[in-house]
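Down below is the structure, laid out as C-alpha cells.
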Amino acid sequence: SIHNIKNRFIENFQFFMSSIGGHVSIHGGLIILANFVNNTVLGEFALAQKIALLMRMVPVFFTQAILQKASILFKNDKIEFNSYVNRIFIIGLSITFGMGLIVIIFSKWIIFLLAGSHVIYSDAILKILAFIPFLSMLNFNNMIKILVDEKKHLLTKATWITAIIMLILATTGSYYYGGYGLSIALVLTEIVSFIVHSVLLIKNKHERA
C-alpha cells in the first residue's frame with residue numbers, strides 16, 4: 001500500500017542520512033587536512049589513517065554479529081538481553097584494547113611493512129589513532145539498543161551531531177597542528193559520539209516514561 005511505501009521510505013531515509021553522517025565523521029577529516037598540509041604529509045597521514053579505519057571496523061563486526069540474537073532477546077527477555085550484550089561488550093573492549101596496545105608496540109614495523117620504509121610521521125600518527133577502535137567500542141551498547149528498538153531518528157540525530165562536532169574539532173586541530181591535531185580530533189570524536197548517543201538515549205527513556 002501507499003502507506004507502507006511511505007513508511008519504508010522514511011525508515012530507509014533515516015538510515016541513509018545516518019550513513020552519510022557516519023561517513024562525514026570518519027572520512028571528512030582527510031579532506032579538511034588537505035587544505036592545511038602539503039601532499040607529502042597528507043599521504044603519510046592517510047597511510048596511518050587507513051590502518052586505523054580498518055581496525056575501527058572491529059566494533060562494527062561485533063554489532064553485526066550479535067544483532068539478530070540481540071533483537072530476539074530484546075523482545076522476549078530483557079534481563080538476558082542486557083546480560084548477553086554486556087558480556088559481548090566486555091569481550092569487545094578487551095579485544096580492541098589489546099589491538100591498540102599491539103599496534104602501538106609494533107607501529108614502526110607495521111608502517112615499514114606497508115610503506116617499504118620507516119615513515120616517522122606515519123608511525124607517530126598511527127600511535128595516536130591506535131585506540132580509536134577501543135573508544136568506538138564504548139558506544140557498542142548504545143548502538144545495539146538503538147538498533148533493536150528501531151530508534152532510527154535517534155541514530156540519525158546522534159550521528160549528525162557527532163559529525164558537526166567532528167568537523168569543528170578537525171578544522172581547528174588541522175589548522176593549528178596539522179595531522180597531529182586531526183588525529184586528536186578523531187580520537188575525541190569517538191568520545192563525543194559515545195556521550196551524544198548516551199545522552200539522547202537517556203533523554204528518550206525519560207520522555208517515554
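Position 1 is the first residue of the sequence, and the numbers go up from there.
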**Request:** Kindly determine whether Glu190 and Leu186 satisfy side-chain contact (heavy atoms from CB on, under 4.5 Å), including the steps that lead there.
**Result:** CA-CA 7 Å; Glu190 297 296 339; Leu186 293 175; over 6 Å; no
**Request:** Of all the heavy-atom pairs spanning Phe36 and Thr171, show the shortest one and how long it is.
**Result:** CE1-O, 4.2 Å
**Prompt:** Going by heavy atoms in the side chains, are His153 and Asn204 under 4.5 Å from each other?
**Reply:** yes
**Prompt:** Excluding sequence neighbours, so at least two apart, what forms side chain to side chain donor-acceptor pair (under 3.5 Å) with Asp77?
**Reply:** none
**Asked** Sequence neighbours excluded, which residues qualify as side chain to side chain donor-acceptor pair (under 3.5 Å) partners of Asn142?
**Response** Asn139, Ser198
**Message:** Can you confirm if the NZ or CZ of Lys78 lies within 45° of the ring axis of Phe74 and under 6.0 Å from the centre of its six-membered ring?
**Reply:** yes
**Complete:** Rounding to 0.5 Å, atoms CG (Leu188) and OG (Ser193) come to a distance of 12.5 Å
**Message:** For a quick test of reading the model, state the closest non-hydrogen atom pair linking Gly29 to Ala170 and the distance between them.
**Reply:** CA-CB, 4.5 Å
**Request:** Locate the shortest heavy-atom distance separating Gly28 from Met166; write the atom from each residue and the value.
**Result:** C-CE, 4.0 Å
**Message:** Between Ser183 and Gly179 (side chain of the first, backbone of the second, donor and acceptor by atom type, cut-off under 3.5 Å), is there such a pair?
**Reply:** yes
**Item:** Hydrophobic cluster membership, Ile31 vs Ile184, 4.5 Å side-chain cutoff
**Value:** no
**side chain to side chain donor-acceptor pair (under 3.5 Å) involving Gln49 - partner list, sequence neighbours excluded** = none
**Complete:** side chain to side chain contact (heavy atoms under 4.5 Å, CB included) filter on Ile202, not counting sequence neighbours, yields His206
**Complete:** Grouping ILVMFWY residues whenever side-chain heavy atoms fall under 4.5 Å, the cluster of Met57 otherwise contains Val60, Phe61
**Asked** Is Ile66 reachable from Ile90 through a run of hydrophobic residues whose side-chain heavy atoms are each under 4.5 Å from the next?
**Response** yes
**Asked** Who pairs with Ser107 by side chain to side chain donor-acceptor pair (under 3.5 Å), at least two apart in sequence or on another chain?
**Response** Asp123, Lys127
**Asked** Do you reckon Ile164 sits in the same ILVMFWY cluster as Val192, going by side-chain contacts under 4.5 Å, direct or chained?
**Response** no
**Closest contact, heavy atoms only, Ser122 versus Glu44** = OG-O, 2.7 Å
**Request:** Flag the pair Trp109 / Leu113 as yes when at least one side-chain heavy-atom distance between them is below 4.5 Å, and no otherwise.
**Result:** no
**Request:** Kindly compute the distance separating CZ (Phe131) from CE (Met99), expressed to the nearest 0.5 Å.
**Result:** 10.5 Å
**Asked** Is there a path from Val24 to Ile168 through hydrophobic residues (I, L, V, M, F, W, Y) whose side chains come within less than 4.5 Å of each other?
**Response** no
**Item:** Near-ring test Phe89/Phe62, centroid separation under 6.0 angstrom
**Value:** no
**Item:** Pairwise distance CD1(Ile132) to CD1(Ile191) - rounded to 0.5 angstrom
**Value:** 10.0 Å
**Request:** Sort out for me which residue in Leu138, Leu135, Thr189 forms a side chain to side chain contact (heavy atoms under 4.5 Å, CB included) with Phe194.
**Result:** Leu138
**Prompt:** How long is the span from the OG1 atom in Thr96 to the CD1 atom in Ile91, to the nearest 0.5 Å?
**Reply:** 11.5 Å
**Message:** Could you walk me through whether Ile32 and Leu182 satisfy the side-chain contact (heavy atoms from CB on, under 4.5 Å) test, starting with their C-alpha distance in whole Å, then the side-chain angles of each, then the deciding distance to 0.1 Å, before giving a yes or no?
**Reply:** CA-CA 9 Å; Ile32 293 172; Leu182 177 57; 5.8 Å; no
**Message:** I want to know whether Tyr180 and Phe45 have ring centres closer than 6.0 Å.
**Reply:** no
**Request:** Please round to the nearest 0.5 Å and tell me the distance separating atom CD1 of Ile51 and atom CD1 of Ile110.
**Result:** 6.0 Å
**Message:** Quick one, Phe140 with Ile144, criterion side-chain contact (heavy atoms from CB on, under 4.5 Å). Give me CA distance, side-chain angles, the key distance, then yes/no.
**Reply:** CA-CA 6 Å; Phe140 173 77; Ile144 291 295; 3.9 Å; yes
**Item:** For Ala130 against Val103, the heavy-atom pair lying closest together
**Value:** CB-CG1, 3.9 Å
**Prompt:** Does OH in Tyr121 sit with more than 12 non-hydrogen atoms of other residues, nucleotides or ligands closer than 6.0 Å?
**Reply:** yes
**Prompt:** Would you find more than 12 non-hydrogen atoms of other residues, nucleotides or ligands less than 6.0 Å from Asn39 atom CG?
**Reply:** no
**Request:** Taking the side chain as every heavy atom from C-beta outward, state whether Lys205 and Lys203 have any atom pair closer than 4.5 Å.
**Result:** no
**Prompt:** What is the ring orientation for His23 with His27, classed by angle as parallel under 30°, tilted 30 to 60°, or perpendicular over 60°?
**Reply:** parallel
**Request:** Kindly give the heavy-atom pair with the smallest separation between Leu129 and Ala52, and that separation in Å.
**Result:** CB-CB, 3.6 Å
**Message:** Apply side-chain contact (heavy atoms from CB on, under 4.5 Å) to residues Leu155 and Met143 and explain how you reach the verdict.
**Reply:** CA-CA 8 Å; Leu155 180 61; Met143 290 300 298; 3.6 Å; yes
**Message:** Do Leu30 and Leu126 land in one hydrophobic cluster if side-chain heavy atoms of ILVMFWY residues count as linked below 4.5 Å?
**Reply:** yes
**Message:** What's the separation between atom OG1 in Thr159 and atom CG in Leu200, rounded to the nearest 0.5 Å?
**Reply:** 9.5 Å
